[in-house]
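Order of appearance sets the numbers: ligands from 1, and atoms from 1 within every ligand. This one's a predicted model, so the numbers in the text were calculated from it and none came from an experiment.
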Amino acid sequence: MKILGVHIGHDSSAALVIDGEIVADVAEERFTRTKHYAGLPIHSIAYCLESQGLSMTDIDFVAVPTSGSVEDLNFLFDLTVQQQEAKSKQRRLAELLSRIRRISLAVPPIYMRSFPVSKSMRIVHVEHHLAHAASAYYTSGTREKQLVVTMDGVGDGYSTCVWRAEEGKIIPLKKMNVSASLGGFYSNVTEALGWWHGDGEGKTMGLAPYGDYNKVKGVLDKYYPKFNGGDIVEPHDFGQPYFWNENGAFQYHYDEAYDIRELINKHGREHIAAEAQRVLEEQTAEIIYPWLEKENTRNLSCSGGIFLNVKLNQRIWESGKVSKQHIFPNAGDSGLAVGAALQVYYDMNPTAPIRSLSNLFLGPEYSAKEIEAILKLRSLSYRFIENIPAFAAKLLAENKIVAWFQGRMESGPRALGNRSILMSANKAENKDIINARVKFREAFRPFCPSLLWEKKNDYMEKARDENFMITSFTCKEGKRNKIPAVVHADATLRPQTIKKEDNEKYWNLINEFGKLTGEYVLLNSSFNVMGEPIVNHPRQAIRCFYDCGLDYLVMGNFVLSKESATL
Ligand SMILES: [Fe+2]
């Protein structure tokens with residue numbers, strides 16, 4: 001059974017699930033080069049199909065993660081006249097509105113690619129939060145009973161949903177609308193701090209440990225919903241939502257951001273960020289912990305953009321109320337394509353086993369032949385190195401900055417060792433060096449470590465497997481000054497633990513680096529400069545290499561250097 005998931009909206013994406021296994025998943029931003037691209041995911045669909053040697057006529061179902069009607073589907077899948085007529089009410093209404101307002105309807109030009117489908121193919125709509133829930137439960141690795149919580153800004157009218165998942169099925173327990181949106185609140189604070197709503201929330205989280213919420217406790221009280229006992233007790237009216245289309249990506253806005261900006265001017269940026277983080281953690285606790293008790297389970301799975309907040313995830317883990325905590329690592333809306341496809345699969349196969357997620361290497365890859373052809377075409381000097389992990393480890397031990405491009409690109413927002421910028425974490429100043437020369441981003445933002453799975457107890461308090469940098473952990477005291485470039489102001493790290501079987505080349509690299517330096521950890525940052533999506537194609541890697549202060553570019557076994565004498 002072949003199911004194509006197609007998400008059109010903030011972080012448009014496509015994914016392919018074959019017989020319950022996720023075989024491809026990619027966000028359109030990686031092709032269009034506009035972060036959070038919200039247009040039609042044409043390149044992503046093409047990639048999903050081509051990577052498996054399929055065409056649309058091979059697809060049994062298209063899963064669309066929204067319960068609403070989507071006009072774009074008519075174009076994308078070249079739907080028959082009958083199918084289009086089923087949607088004709090909305091189309092007629094849109095045409096009428098456009099005539100009244102004297103504006104043109106957006107219709108793609110004929111040369112844009114569409115994907116004609118077979119007669120037997122069906123389009124299935126999956127509600128936004130159910131798709132988030134499915135992405136969490138159906139990647140949790142167990143059919144056992146668990147509480148599933150999905151939280152985001154808003155999707156299909158809901159912001160916060162609680163589900164019981166067991167025996168292959170997901171059952172809603174509580175669904176709360178936009179007036180319960182802690183995501184909306186946190187994003188308003190982010191916007192007031194000067195960053196994109198729906199993008200900069202990680203910066204707010206990164207700034208928070210530099211502030212003290214005790215100095216401003218309560219000043220944001222007017223701007224968020226309140227919860228108690230698993231239910232909402234004080235809904236919040238966010239007012240009119242607005243959005244702005246920036247090169248095909250949507251930025252959202254609520255007028256409350258103006259009020260919050262006044263508070264920031266009065267009390268200081270870091271204190272307001274700290275207060276927003278406190279509110280998020282405490283209010284989410286009021287939702288999740290009572291439901292764990294009611295459902296009599298210690299097994300929790302989560303998805304939705306809120307759960308990209310690694311500090312919140314750490315707080316939940318350290319509460320002692322959960323024994324198993326699974327967060328779908330592509331937790332934002334780019335993960336909806338996978339979620340919707342999995343939901344359609346398990347709807348029809350409720351007794352199928354539920355797999356765990358060992359890696360996210362689900363995007364495009366480029367062969368050695370392709371990479372070499374690209375380098376030759378550009379007349380670039382390069383070298384082929386047989387033992388590339390040992391070679392690159394030596395460079396890193398010499399404190400060089402190395403861009404590392406290998407195999408299939410990661411899906412989701414984190415670079416996990418296939419499209420990464422790497423540096424030694426052993427010197428505190430490396431954080432500033434990489435910021436100044438490569439990333440061009442705010443000095444307060446932490447860098448994350450990749451570390452060998454076997455060494456996790458050496459570096460992390462209450463360690464557990466963490467493949468995806470989705471939870472932070474307190475760094476062991478004795479290690480804080482050994483790997484200072486990846487320890488945040490509050491002594492936490494946001495790690496990726498690597499097992500050899502999940503990424504042998506990357507594991508070998510860190511192992512070789514460990515043999516040279518004594519620390520089995522590397523600073524791992526996504527392969528991009530600030531404001532751009534992670535690189536996908538070798539061409540983009542080359543552009544990025546020459547556009548910033550990287551020392552070396554390693555693509556497959558090919559090495560480029562700006563210090564040509566050393567090659
Ligand atoms: Fe969402």
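- Distances from the Fe ion (ligand 1) to each N, O or S atom of D152 single out OD2 as the nearest.
- Using a distance-only test at 3.5 Å, with no hydrogens or angles considered, no donor-acceptor pair links the side chain of H7 to the main chain of V64.
- Salt-bridge check for R143 with E166: failed, with every basic side-chain N at 4.0 Å or more from each acidic carboxylate O.
- Taking backbone and side-chain atoms together, H10 has no N/O/S atom less than 2.8 Å away from the Fe ion (ligand 1).
- At a cut-off of 2.8 Å, H132 is counted among the residues with an N, O or S atom near the Fe ion (ligand 1).
- The aromatic ring centres of H43 and Y37 sit 6.0 Å or more apart.
- Looking only at its N/O/S atoms, D333 has OD1 as the one nearest to the Fe ion (ligand 1).
- No more than 12 heavy atoms of other residues, nucleotides or ligands sit less than 6.0 Å from atom NZ of K169.
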